[in-house]
Novice: 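Here you go, one structure.
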Amino acid sequence: MSMAQYGSLLLLSDDEREELTRWAQSRTLPAGDVFRARLILALADGRSYREIEDQLHTSAPTIARWRQRFEKHRIAGLNPRHKGSRPRVVTPAAQARIVRRTLQKPPDGSTYWTCRKLAKALGVSKSTVQRVWAQAQLRPHRLDRYMASDDPELEAKAADIIGLYLNPPQHAAVFCVDEKTAIQALDRLDPVLPLSPGRAERHGFEYYRKGTLSLYAALDVKSGKVTGKTARRHTSAEFIDFLRGIVQQTKGAREIHILLDNLSAHKTKTAEEFLQQNPRVRFHFTPTYSSWLNQVELWFAKIQRDVIDRGVFTSVADLARKLQRYIRAYEKSARPFRWTYTDPKRRIRTNQITGTAH
């Protein structure tokens with residue numbers, strides 16, 4: 001190309017300029033189309049190659065190549081000629097080989113395969129392994145845990161509890177009761193560094209243990225409100241004393257249904273005497289290893305996140321005061337938990353409300 005051609009002005013028709021301007025300003029077209037439109041418009045505006053190189057971060061040979069194609073074919077010449085390589089296809093045999101090895105343990109003593117480790121072992125690319133894993137929905141790095149109940153009356157007890165959530169008896173109060181034990185009052189050795197732009201709140205690793213306490217909580221299934229009490233010790237006597245408080249504040253209910261887990265403190269002789277003294281009260285026990293059926297566990301998880309995990313407590317009394325303050329504030333905006341089935345086909349038919357003793 002001569003120097004005259006190198007520096008000459010590129011002429012555009014009105015239609016071409018309008019079309020290229022639309023390309024250059026587009027946010028949906030491929031980046032290559034936008035780049036080539038801006039390059040041709042810059043040439044048409046009389047900008048030098050050096051200016052275009054700096055503005056578009058390109059090179060003189062690239063500018064010359066697209067100018068030559070545009071002058072020969074106009075806008076049609078801006079279409080890329082390289083359509084990309086053919087998509088790689090993994091044969092069914094190779095896919096089965098990758099899946100089979102993924103389901104086996106690595107020979108080096110590690111517990112799961114990484115895509116690079118498996119690719120090296122099988123002599124394929126890591127991208128191939130990733131595509132096969134995605135297609136087969138395999139995620140070796142993930143680990144889920146489960147707890148299986150061995151209670152022979154699992155379904156009957158679950159139906160009893162779910163029935164209280166979905167269809168409680170008229171003129172009855174339903175409470176989910178449990179205790180959160182051994183809550184530590186931890187005071188940080190170093191000052192807390194507050195939240196700031198670009199930096200999370202930071203706590204020092206070292207702390208003082210000021211003691212522990214237990215939190216008894218009763219969640220009213222109908223309103224979502226929580227009644228709480230803190231205690232230095234976790235005993236059956238403290239538990240029964242907490243239940244007496246619930247009965248005292250629920251005088252208008254004909255029946256009081258209390259959902260509990262299978263903790264030994266809930267099944268003592270003192271608990272039996274309490275039931276005899278309060279015929280309105282019925283205990284409903286969750287199946288073994290199924291405390292997730294008790295809605296108060298959801299609230300315990302919430303107070304753990306909101307108060308306990310990041311709290312700084314100078315004493316056990318300070319911990320108790322902050323827990324009670326949270327309970328009082330929660331009462332103002334409390335809402336009942338909505339108990340639903342994610343898969344209606346697995347719905348358990350609720351039984352007639354009976355209640356269990358021990």
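Numbers for residues simply follow the sequence, beginning at 1. The basis for the numbers below is simple: all heavy atoms, side chains too, and nothing from hydrogens, waters or symmetry mates. Because the structure is predicted, anything quoted here is derived from the model rather than measured.
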Novice: In the structure I gave you, are the side-chain heavy atoms of Leu260 and Cys176 within less than 4.5 Å of one another anywhere?
Specialist: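 No, every pair of side-chain atoms sits at 4.5 Å or beyond.
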
Novice: Taking Asp108 for the side chain and Ser110 for the main chain, is one N or O donor matched with an acceptor at less than 3.5 Å?
Specialist: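 Indeed, once roles are kept as given, a pair shorter than 3.5 Å links the two residues.
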
Novice: Is there a side chain to side chain donor-acceptor pair (under 3.5 Å) between Gln184 and Lys210? Walk through the geometry before answering.
Specialist: CA-CA 7 Å; Gln184 295 191 78; Lys210 300 294 185 176; over 6 Å; no

Novice: Are any non-hydrogen side-chain atoms of Leu259 and Val177 less than 4.5 angstrom apart?
Specialist: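 No, their side chains stay 4.5 Å or more apart.
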
Novice: Say whether, by atom type as modelled, one donor and one acceptor occur between the side chain of Thr114 and the main chain of Lys117 under 3.5 angstrom.
Specialist: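 Side chain of Thr114 to backbone of Lys117, a donor-acceptor pair under 3.5 Å: yes, one is there.
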
Novice: If hydrophobic clusters are built from ILVMFWY residues whose side chains come within less than 4.5 Å, do Val312 and Leu189 share one?
Specialist: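 Per the 4.5 Å side-chain linkage, Val312 and Leu189 are not co-clustered.
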
Novice: Can you run down the side-chain hydrogen bond (donor to acceptor under 3.5 Å, both in side chains) pairs that involve residues 95-107, sequence neighbours left out, and say none if there aren't any?
Specialist: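 Found Thr102-Trp133.
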
Novice: What is the distance from atom CG of Leu164 to atom CG of Asn167, rounded to the nearest 0.5 Å?
Specialist: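 If we round to the nearest 0.5 Å, Leu164:CG and Asn167:CG are 9.5 Å apart.
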
Novice: Look only at the side chain of Tyr165 and the backbone of Gln295, and say whether a donor-acceptor pair between them is shorter than 3.5 Å.
Specialist: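 The answer is yes, because a donor-acceptor pair under 3.5 Å joins these two groups.
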
Novice: Any non-hydrogen side-chain atom of Glu179 less than 4.5 Å from a side-chain atom of Leu263?
Specialist: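 Yes - at least one pair of side-chain heavy atoms lies under 4.5 Å apart.
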
Novice: Between atom OG1 of Thr181 and atom CG of Leu213, what is the distance when rounded to the nearest 0.5 Å?
Specialist: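 Nearest 0.5 Å value for the OG1-CG distance: 10.5 Å.
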
Novice: Please say yes or no: joined through hydrophobic side-chain contacts below 4.5 Å, possibly via intermediate residues, are Ile161 and Trp292 part of one cluster?
Specialist: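 Yes, Ile161 and Trp292 fall within the same hydrophobic cluster.
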
Novice: Any ion pair linking Lys302 and Asp306 (charged N to carboxylate O, less than 4.0 Å)?
Specialist: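 So Asp306 pairs with Lys302 through a salt bridge.
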
Novice: Taking it one step at a time, do Trp23 and Leu41 satisfy side-chain contact (heavy atoms from CB on, under 4.5 Å)?
Specialist: CA-CA 10 Å; Trp23 286 23; Leu41 288 172; over 6 Å; no

Novice: Keeping Thr250 on the side-chain end and Ile246 on the backbone end, is there a donor-acceptor pair under 3.5 Å?
Specialist: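 Looks like yes, one N/O pair under 3.5 Å.
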
Novice: Taking 4.0 angstrom as the limit, do Arg17 and Asp14 come out as a salt bridge?
Specialist: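 Looking at Asp14 together with Arg17, the answer is no, because their closest N to O distance does not fall below 4.0 Å.
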
Novice: Could you measure the distance from the CD1 atom of Ile98 to the CZ atom of Arg131? Nearest 0.5 Å is fine.
Specialist: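 The distance works out to 9.0 Å.
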
Novice: Report yes if the side chains of Arg282 and Glu255 come closer than 4.5 Å at any heavy-atom pair, otherwise no.
Specialist: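 Side chain of Arg282 against side chain of Glu255, heavy atoms only: contact under 4.5 Å found.
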
Novice: Tell me whether Glu272 is salt-bridged to Lys269, with the criterion being a basic N under 4.0 Å from an acidic carboxylate O.
Specialist: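 Answer for the salt bridge query: no.
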
Novice: Looking at Arg22 and Glu18, is there a salt bridge between them, counting it only when a charged N and a carboxylate O are closer than 4.0 Å?
Specialist: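 No.
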
Novice: Using modelled atom types only, decide if a donor and an acceptor are shared between the side chain of Ser48 and the backbone of Glu51 within a distance under 3.5 Å.
Specialist: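 Side chain of Ser48 to backbone of Glu51, a donor-acceptor pair under 3.5 Å: yes, one is there.
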
Novice: Check the pair Val221, Phe337 against side-chain contact (heavy atoms from CB on, under 4.5 Å), reporting the backbone distance first and the verdict last.
Specialist: CA-CA 7 Å; Val221 171; Phe337 290 108; over 6 Å; no

Novice: Give the C-alpha distance, both sets of side-chain angles, the deciding distance and a yes or no for side-chain contact (heavy atoms from CB on, under 4.5 Å) between Asp220 and Lys222.
Specialist: CA-CA 6 Å; Asp220 187 335; Lys222 183 177 180 180; 3.6 Å; yes

Novice: Does a salt bridge link Lys322 with Asp318, judged by any charged N lying under 4.0 Å from a carboxylate O?
Specialist: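 Yes, this pair counts.
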
Novice: Strictly below 4.0 Å, N to O, side chains only: are Glu238 and Lys229 in salt-bridge contact?
Specialist: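 A salt bridge links Glu238 with Lys229.
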
Novice: Please enumerate all residues that pass salt bridge (charged side-chain N to carboxylate O under 4.0 Å, His left out) together with Arg244, with sequence neighbours excluded.
Specialist: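 By the salt bridge (charged side-chain N to carboxylate O under 4.0 Å, His left out) rule, Arg244 matches no residue at all.
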
Novice: Using side chain to side chain donor-acceptor pair (under 3.5 Å), reason through Thr288 and Asp150 one step at a time and then give a plain yes or no.
Specialist: CA-CA 7 Å; Thr288 56; Asp150 57 359; 2.9 Å; yes

Novice: Please step through side chain to side chain donor-acceptor pair (under 3.5 Å) for the pair Gln249 and Thr227, ending with a clear verdict.
Specialist: CA-CA 10 Å; Gln249 72 181 30; Thr227 300; 3.2 Å; yes

Novice: Are Arg38 and Leu56 close enough, and set up right, to give a side-chain contact (heavy atoms from CB on, under 4.5 Å), and what steps lead you there?
Specialist: CA-CA 8 Å; Arg38 291 176 177 176; Leu56 299 181; 4.2 Å; yes

Novice: Do Thr212 and Val316 come close enough that some side-chain heavy atom pair is under 4.5 Å?
Specialist: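 No. Closest side-chain heavy atoms not under 4.5 Å.
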
Novice: Salt bridge check: are Asp187 and Arg209 linked by an N-O gap of less than 4.0 Å?
Specialist: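 Not counted as a salt bridge, because no side-chain N and carboxylate O are separated by less than 4.0 Å.
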
Novice: Just by modelled atom types, is the Ala237 backbone N or O under 3.5 Å from a matching donor or acceptor in the Asp241 side chain?
Specialist: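 Such a contact is absent between Asp241 side chain and Ala237 backbone.
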
Novice: For residues Leu12 and Phe70, determine if any side-chain heavy atom of one lies less than 4.5 Å from a side-chain heavy atom of the other.
Specialist: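 A side-chain contact exists here, since the closest heavy-atom pair is under 4.5 Å.
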
Novice: Working to the nearest 0.5 angstrom, can you tell me the gap between Tyr289 OH and Leu154 CG?
Specialist: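 Result: 13.0 Å between the selected atoms.
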
Novice: Do Ser125 and Ser127 have side-chain atoms, one donor and one acceptor, less than 3.5 Å apart?
Specialist: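 Side chains of Ser125 and Ser127: no pair found under 3.5 Å.
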
Novice: Please check this pair: side chain of Asn79 against backbone of Ala76, looking for a donor-acceptor N/O pair closer than 3.5 Å.
Specialist: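 Here the side-chain-to-backbone pair exists.
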
Novice: Could you check whether atom CD of Gln135 has more than 12 heavy atoms from other residues, nucleotides or ligands sitting under 6.0 Å from it?
Specialist: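 Not more than 12 within 6.0 Å, no.
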
Novice: State whether the side chain of Glu19 and the backbone N or O of Glu16 hold a donor-acceptor pair below 3.5 Å, judged by distance alone.
Specialist: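 Not a single qualifying donor-acceptor pair exists.
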
Novice: With a 4.5 Å cut-off on side-chain heavy atoms, are Thr286 and Lys157 touching?
Specialist: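 Not touching, per the 4.5 Å side-chain cut-off.
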
Novice: Return each pair, listed once, that meets ring pair (Phe, Tyr, Trp, His ring centres under 6.0 Å) where at least one residue sits in residues 203-256; pairs must be two or more places apart or across chains.
Specialist: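 Found Tyr216-Phe242, Phe239-His266.
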
Novice: Which class fits the ring pair Tyr326 and Trp299: parallel under 30°, tilted 30 to 60°, perpendicular over 60°?
Specialist: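 Taking Trp299 first and then Tyr326, their aromatic rings sit tilted (interplane angle of 30° to 60°).
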
Novice: Can you tell me how far CD of Gln324 sits from CZ of Arg321, rounded to the nearest 0.5 angstrom?
Specialist: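 Reported value, rounded in 0.5 Å steps: 11.5 Å.
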
Novice: Do Ile308 and Leu323 touch side chain to side chain, with heavy atoms closer than 4.5 Å?
Specialist: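 Counting from C-beta outward, Ile308 and Leu323 do come under 4.5 Å.
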
Novice: Determine yes or no for a side-chain-to-main-chain donor-acceptor pair under 3.5 angstrom, with Arg47 supplying the side chain and Ile52 the backbone.
Specialist: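 Not at all, since once roles are kept as given, no pair shorter than 3.5 Å links the two residues.
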
